[in-house]
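Inspection log for the structure reproduced underneath, given as structure tokens.
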Amino acid sequence: MGWTIALHGGAGDIARSMPAERRIPRETALRHCLDIGVAALKANKHPLDVVELVVRELENIPNFNAGRGSVLTTAGTVEMEACIMDGKTKKCGAVSGLTTVVNPISLARLVMEKTPHIYLAFDGAEAFAREQGVETVDPSHFITQDNIERLNQAKEANRVQIDYTQPIQKEGKVEETHVADGDSQIGTVGRVAVDSHGNLAAATSTGGFVNKMVGRIGDTPIIGSGTYANRLCAVSATGKGEEIIRGTVARDVAALMEFKGLSLKEAAAYVVEESTPKGNVGLVAVSATGEVTMAFNTTGMFRACATEDGYTEFGIWPSPK
Amino acid sequence: MGGWAIAVHGGAGVDPNLPTHRQEEAKKLLTRCLDIGISALRSNLPAIDVVELVVKELETDPLFNSGRGSALTAKGTAEMEASIMDGPKRRCGAVSGVTTVKNPISLARLVMDKSPHSYLAFSGAEEFARQQGVETVENDYFITEENVGMLKLAKEANSILFDYRVPIESCSAGAAATDSPLQMNGLPISIYAPETVGCVAVDSQGQCAAATSTGGLMNKMTGRIGDSPIIGAGTYACDLCGVSCTGEGEAIIRGTLAREVAAVMEYKGLNLQQAVDFVINERLDQGFAGLIAVSKNGEVACRFNTNGMFRGCATEDGFMKVGIWN
């Protein structure tokens, strides 16, 4: 048993026709972030520090929907959220509605460590950021030209987007949108890690989804939905937030291990195959014994993992069986 | 099918010195709310409508910490949150940071029914409320004289609790703190406002639903989100059961308490009472909380590890009980 690390850069209907100029920078970024995480684990950093470090890096890269590069609300603004959880103590911190904080994941960590609360949002979270002296910038820093275009496309396709309320019946229509606007649904970055002592941690960060209503909270900051860690495993989920919330996806992976005795892989497979609707959910997870799994029921999920014994995997679409 | 069942709560963690007349008022309100729920269930209203109806009533009455009568933020304002979940399709809606909406639970219901999202907060939630034309009032409407006094005490107690240089005996809040060594959420229980109201119901079709609403913690930071709006923590419903929790929000979130009841039923095959006992005994670590739950078979359960919980429950076969203490 040794350390293991896994990360995702969002799950969704990632078209196989995605142009190389969009795909390659993301693959490069994932590799870069995986390397950072591996180096940190090799240097015996605590998984909590490792997941924070790597998610910070992903937040700083504009190709992913978190921090800089976050997708825009219907008002054209950025509202970011993030969550972090430590497995051994089940301590956790979450933030929503951030508009100026450079690294939401680090503010979530501060909520966990410096407040009696777990979850701060909107003005209160921003005020806390200032009190703690974390780096803040003008909201325009987070907005990329790409995302302005995505918002415009999403607004044009609005009628279809609202149909998301019934994802199962309207699956066909949903797919149409994705073909139309390529990778605009790809949300969220997440990271899970376990060290050789079995310490686990999970972290997730996102800008939400394109053309979301102002004030919308997704699954990412919700403990048990987008993010969860305990003594058995650490999980970060991504995809359609509303489905992940009602499926309490991250906690369910852990609950299936705990209450049904499933292995990490079996538990993750059960959640994406049996308990959540197709086309909506992806997750990465590691267990205390160093197992790793990256499961999704969407077309694809940007993902990468590495273990101490030298195994690494990168992928976007399902791996050939 | 075991028939309908319903339970309501008005928060866990009760001041042992709560005056008798206040205890009587609380019991009266719980009874009234149960009666409203019972007659709705008898007239075949679906569980989801019943829990909304009952929580609306609890929000409108100033006695408990939700809607009118909400605990106040450090700034002296009311910042409310609520969530609702329908068992059959696990549909859900939640709101946080609501400051003018008369009935936050009904806004949560609208988020579930009329928005593509399941959770809206702060200005976005307020904007949605206006779009939907729900009843809004000035923030003052929610603020009671009593809670203004409690906030003052909480602030005094806070400075004592976090500043050891000030001797505890030197002021009245200090006396209050020594009078009641019991604490919840870091505040002496005489000052701590029981968090949250909630209702769970199963209708005669066996459909479960849960709803929870709160003003949050007395003297909380603006922007603090507790367990009440968190699906899986404060509120959860699925095919098997409906659950609403109350108590120390952070312990409830960490323990994904409401989902936990359902998860041990689903994955371990426990019945409702076993599941509730397991969760309260094993999943709270050092935290204090309570919960109410119903199952699709018409069972009902209330458990807490605090000194008391305002609660009431009833089932179709004529059982009805309202209580505060253990």
Side-chain angles (χ1 to χ4, degrees), chain A residues 73-75 79 85 89-92 94-97 111 115-128 161-165 208-209 211-219 221-225 228 230 241-243 245-248 250-252 254-256 258-262 275, chain B residues 73 79 85 89-92 94-97 111-128 131 185-186 217 220-227 229-233 236 238 249-260 262-270 285:
Chain A
T73 67
T74 188
E79 275 180 10
M85 188 160 185
T89 60
K90 284 209 239 167
K91 278 188 160 183
C92 46
V95 289
S96 277
V111 171
T115 78
H117 304 315
I118 282 177
Y119 191 179
L120 292 178
F122 291 84
D123 293 352
E126 286 282 337
F128 176 67
Q161 285 240 330
I162 286 168
D163 281 346
Y164 258 123
T165 37
F209 85 88
N211 201 19
K212 69 177 177 182
M213 289 167 73
V214 172
R216 178 259 189 184
I217 291 178
D219 62 294
I222 308 292
I223 297 296
S225 293
Y228 188 78
N230 66 6
E242 284 67 17
E243 289 302 338
I245 290 176
R246 77 176 55 146
T248 52
R251 171 60 193 146
D252 258 42
L256 282 157
E258 192 172 348
F259 301 137
K260 243 186 162 173
L262 301 192
S275 65
Chain B
T73 66
E79 225 176 68
M85 190 161 187
K89 285 186 179 162
R90 289 191 301 186
R91 295 188 317 138
C92 51
V95 291
S96 276
V111 170
M112 168 175 122
D113 288 340
K114 309 274 182 188
S115 88
H117 303 315
S118 47
Y119 191 177
L120 292 177
F122 291 85
S123 63
E126 287 284 330
E127 201 179 301
F128 178 67
Q131 233 177 60
N185 279 303
L217 216 47
K220 70 179 175 183
M221 288 166 77
T222 306
R224 178 256 186 184
I225 292 179
D227 62 296
I230 308 292
I231 295 302
Y236 188 78
C238 61
E250 280 65 19
I252 296 171
I253 292 177
R254 204 169 275 150
T256 53
L257 216 64
R259 169 62 189 146
E260 215 68 357
V264 292
M265 290 178 75
E266 189 173 346
Y267 301 140
K268 255 189 148 169
L270 300 192
D285 302 326

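Note that this is a predicted model, so its numbers are computed, not measured. Lettering follows sequence order; numbering is per chain, from 1.
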Next item on the list: Take B:Ile231 and A:Ser225 through the test side chain to side chain contact (heavy atoms under 4.5 Å, CB included) and record every step on the way to the result.
Entry: CA-CA 8 Å; B:Ile231 295 302; A:Ser225 293; 5.8 Å; no

Next item on the list: For the residue pair B:Met221 and A:Phe128, establish whether any side-chain heavy-atom pair is separated by less than 4.5 Å.
Entry: yes

Check: With chain B, which of A:Ala75, A:Gly124, A:Gly218, A:Gly241 has the greatest number of heavy-atom pairs at distances under 4.5 Å?
Finding: A:Gly124

Check: If every non-hydrogen atom of B:Arg90 is compared with every non-hydrogen atom of A:Ser275, which pair is closest and at what distance?
Finding: NH2-O, 3.1 Å

Check: When heavy-atom pairs shorter than 4.5 Å are enumerated against chain A, which of B:Ile230, B:Asp285, B:Thr256 gives the highest number?
Finding: B:Thr256

Notebook entry, point to check: Where is the tightest heavy-atom contact between A:Thr248 and B:Gly232, given as atom of each residue plus distance?
Noted result: CG2-CA, 4.0 Å

Note to self: Using only atom types and a distance under 3.5 Å, with no angle test, would you say the side chain of A:Arg216 pairs donor to acceptor with the backbone of B:Leu120?
What the structure shows: no

Check: Measuring heavy-atom distances to chain B, does A:Leu120 have an atom under 4.5 Å in its side chain, in its backbone, in both, or in neither?
Finding: both

Margin query: With a 4.5 angstrom heavy-atom cut-off, is it the side chain or the backbone of B:Ala263 that approaches chain A, or both, or neither?
Written below: both

Check: So how far is it from B:Ser118 OG to A:Glu243 CD, rounded to the nearest 0.5 Å?
Finding: 9.0 Å

Next item on the list: Answer yes or no: is there an ion pair linking B:Lys268 with A:Glu258, defined by an N-O contact shorter than 4.0 Å?
Entry: no

Next item on the list: Report yes or no: does B:His117 contribute a side-chain atom to a donor-acceptor pair with the main-chain N or O of A:Ile217 at less than 3.5 Å?
Entry: no

Check: Can you name the closest pair of heavy atoms from A:Arg246 and B:Lys89 and give their distance?
Finding: CD-O, 4.0 Å

Checklist line | Which atoms of A:Thr89 approach chain B - backbone, side chain, both or neither, heavy atom under 4.5 Å | finding: backbone

Notebook entry, point to check: Under the salt bridge (Lys or Arg N to Asp or Glu O under 4.0 Å) test, which residues partner A:Asp219, sequence neighbours left out?
Noted result: none

Margin query: Is A:Arg251 close to chain B through its backbone or its side chain, or both, or neither, when contacts mean heavy atoms under 4.5 Å?
Written below: side chain

Check: What are the two closest heavy atoms between B:Arg254 and A:Lys91, and how far apart are they?
Finding: NE-CA, 3.9 Å

Checklist line | Stepwise side chain to side chain contact (heavy atoms under 4.5 Å, CB included) check, B:Ile225 with A:His117 | finding: CA-CA 8 Å; B:Ile225 292 179; A:His117 304 315; over 6 Å; no

Note to self: Among A:Thr115, A:Leu262, A:Leu256, A:Val214, which residue has the highest count of heavy-atom pairs closer than 4.5 Å to chain B?
What the structure shows: A:Leu256

Next item on the list: Drop me the distance from A:Phe259's CZ to B:Glu260's CD, to the nearest 0.5 angstrom.
Entry: 4.0 Å

Next item on the list: Work out which heavy atom in B:Pro116 is nearest to a heavy atom in A:Met213; give both atom names and the distance.
Entry: CD-SD, 4.0 Å

Note to self: For the aromatic rings, using the six-membered ring if either is Trp, is the centroid distance between A:Phe122 and B:Phe122 under 6.0 Å?
What the structure shows: yes

